Amino acid sequence: MATPTVNDVKIFKWPHKEPPTPESVKREMERFGFGVYDLQTIPGWFERSSHAHDYDEIRGVTAGNTTFHFQGLLPLTLEPGDILLIPGGIPHEVISHNGNPFTAYKGSTTGVRSVTEHGDGKGATS
């Protein structure tokens, strides 16, 4: 099996003609075969230092905007309804470049969460 690269990161824009709700975003995430385990809200001006997961991660946005930063890839700003797929082992940072909260579901194929810290290992720094 090939090692995943940052080019394997994928974003899916909301395909429906109605606004996303927490319930509809969760259903959309489950269509990708992921277990959804957490609806998390982060505050404005949030920063999460570089980290990776040992598994493929999925994020489904229900409210707000934030930006995921990947080395070797342009930043990806997520908005409500966006579904982000990050292959296991891909380091990423999360930075909210605004003062508004951001709410998104997290998930994995197993429904379990684990994190490997990179860089300064500080985790959330907001």
Side-chain angles (χ1 to χ4, degrees):
M1 178 179 186
T3 302
T5 69
V6 74
N7 294 325
D8 296 323
V9 173
K10 296 191 177 11
I11 186 169
F12 296 90
K13 301 306 272 184
W14 190 244
H16 308 291
K17 301 244 186 254
E18 69 274 346
T21 64
E23 296 78 20
S24 62
V25 169
K26 183 177 180 183
R27 278 193 309 271
E28 197 72 21
M29 292 170 70
E30 289 169 343
R31 286 185 49 239
F32 287 92
F34 284 78
V36 177
Y37 57 78
D38 190 15
L39 179 62
Q40 177 188 46
T41 298
I42 59 174
W45 308 117
F46 177 86
E47 293 184 24
R48 173 67 170 90
S49 63
S50 183
H51 66 285
H53 304 272
D54 299 330
Y55 51 82
D56 294 347
E57 179 186 22
I58 189 169
R59 289 294 194 108
V61 183
T62 63
N65 300 309
T66 202
T67 303
F68 280 68
H69 295 263
F70 303 89
Q71 186 175 5
L73 185 66
L74 290 173
L76 296 175
T77 298
L78 303 182
E79 61 186 12
D82 287 350
I83 305 287
L84 178 65
L85 299 176
I86 306 171
I90 300 293
H92 53 282
E93 296 176 301
V94 182
I95 302 173
S96 292
H97 299 278
N98 62 69
N100 301 316
F102 170 81
T103 303
Y105 277 109
K106 293 180 182 181
S108 69
T109 53
T110 64
V112 176
R113 181 178 190 268
S114 67
V115 175
T116 301
E117 298 293 340
H118 297 279
D120 63 15
K122 290 184 178 178
T125 58
S126 63

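Treat the numbers as computed from the prediction; the structure is a model and nothing was measured. Worth knowing before you read on, the calculation uses all heavy atoms, side chains too, and leaves out hydrogens, waters and symmetry mates.
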*Could you state whether Phe102 and Leu39 fall into the same hydrophobic cluster, counting links through intermediate Ile, Leu, Val, Met, Phe, Trp or Tyr residues with side-chain heavy atoms under 4.5 angstrom apart?*
no
*Does anything in residues 69-88 pair up under salt bridge (Lys or Arg N to Asp or Glu O under 4.0 Å), and if so which pairs, sequence neighbours excluded?*
Lys13-Glu79, Lys13-Asp82
_Cluster link Ile83 to Val9, ILVMFWY, side chain under 4.5 Å_ = no
*asked:* Using the rule that Ile, Leu, Val, Met, Phe, Trp and Tyr join whenever any side-chain heavy atoms are under 4.5 Å apart, tell me whether Ile11 and Ile86 fall into a single cluster.
replied: yes
*Point-to-point distance, once rounded to the nearest 0.5 Å, from CG of Leu85 to CZ of Arg59*: 12.0 Å
Could you give the side-chain donor-acceptor pairs of residues 63-74 under 3.5 Å, partners two or more places apart or in another chain?
residue: Thr66; atom: OG1; partner: Ile95; partner atom: O; Å: 3.2
residue: Thr66; atom: OG1; partner: Ser96; partner atom: N; Å: 3.4
residue: Thr66; atom: OG1; partner: Ser96; partner atom: OG; Å: 2.7
residue: Thr67; atom: OG1; partner: Thr77; partner atom: OG1; Å: 2.8
residue: His69; atom: NE2; partner: His97; partner atom: NE2; Å: 3.2

_Measuring from atom CG of Leu84 to atom NZ of Lys106, what distance do you get when rounded to the nearest 0.5 angstrom?_
12.5 Å
*Under 4.5 Å between side-chain heavy atoms, hopping through other hydrophobics if needed: is there a path connecting Leu76 to Val94?*
yes
*asked:* For Lys17, give me all partners under salt bridge (Lys or Arg N to Asp or Glu O under 4.0 Å), at least two apart in sequence or on another chain.
replied: none
*Hey, what do you get for CD1 (Ile58) to CG (Asp56), rounding to the nearest 0.5 Å?*
9.5 Å
*Begin from the C-alpha positions of Tyr55 and Glu57 and carry the test side chain to side chain contact (heavy atoms under 4.5 Å, CB included) through to its verdict.*
CA-CA 6 Å; Tyr55 51 82; Glu57 179 186 22; 4.3 Å; yes
Do any side-chain atoms of residues 26-33 form donor-acceptor pairs under 3.5 angstrom with protein atoms, and if so which ones, sequence neighbours left out?
residue: Glu28; atom: OE1; partner: His16; partner atom: NE2; Å: 2.8
residue: Glu28; atom: OE2; partner: Arg31; partner atom: NH1; Å: 2.4

*What pair of heavy atoms forms the shortest contact from Pro43 to Phe46, and how long is it?*
O-CB, 3.1 Å
*Looking only at heavy atoms, what is the nearest atom pair of Pro20 and Val25, with distance?*
CB-CG2, 3.7 Å
*If you take all heavy atoms of Trp14 and Pro19, which pair is closest and at what distance?*
NE1-C, 4.1 Å
*Find out whether Ser108 and Tyr37 are in side-chain contact, i.e. whether some heavy atom of one side chain is under 4.5 Å from a heavy atom of the other.*
yes
*Side chain His92, main chain Ser50, donor-acceptor under 3.5 Å*: no
_Can you list everything that forms a side chain to side chain donor-acceptor pair (under 3.5 Å) with Thr62? Sequence neighbours excluded, please._
none
*Cluster check Ile42, Tyr105: I/L/V/M/F/W/Y, side chain < 4.5 angstrom*: no
_Which atom of Gly99 lies closest to which atom of Trp45, heavy atoms considered_ = CA-NE1, 3.3 Å
*Write down the atom of Gly89, the atom of Ala52, and the distance for their closest heavy-atom approach.*
C-CB, 3.8 Å
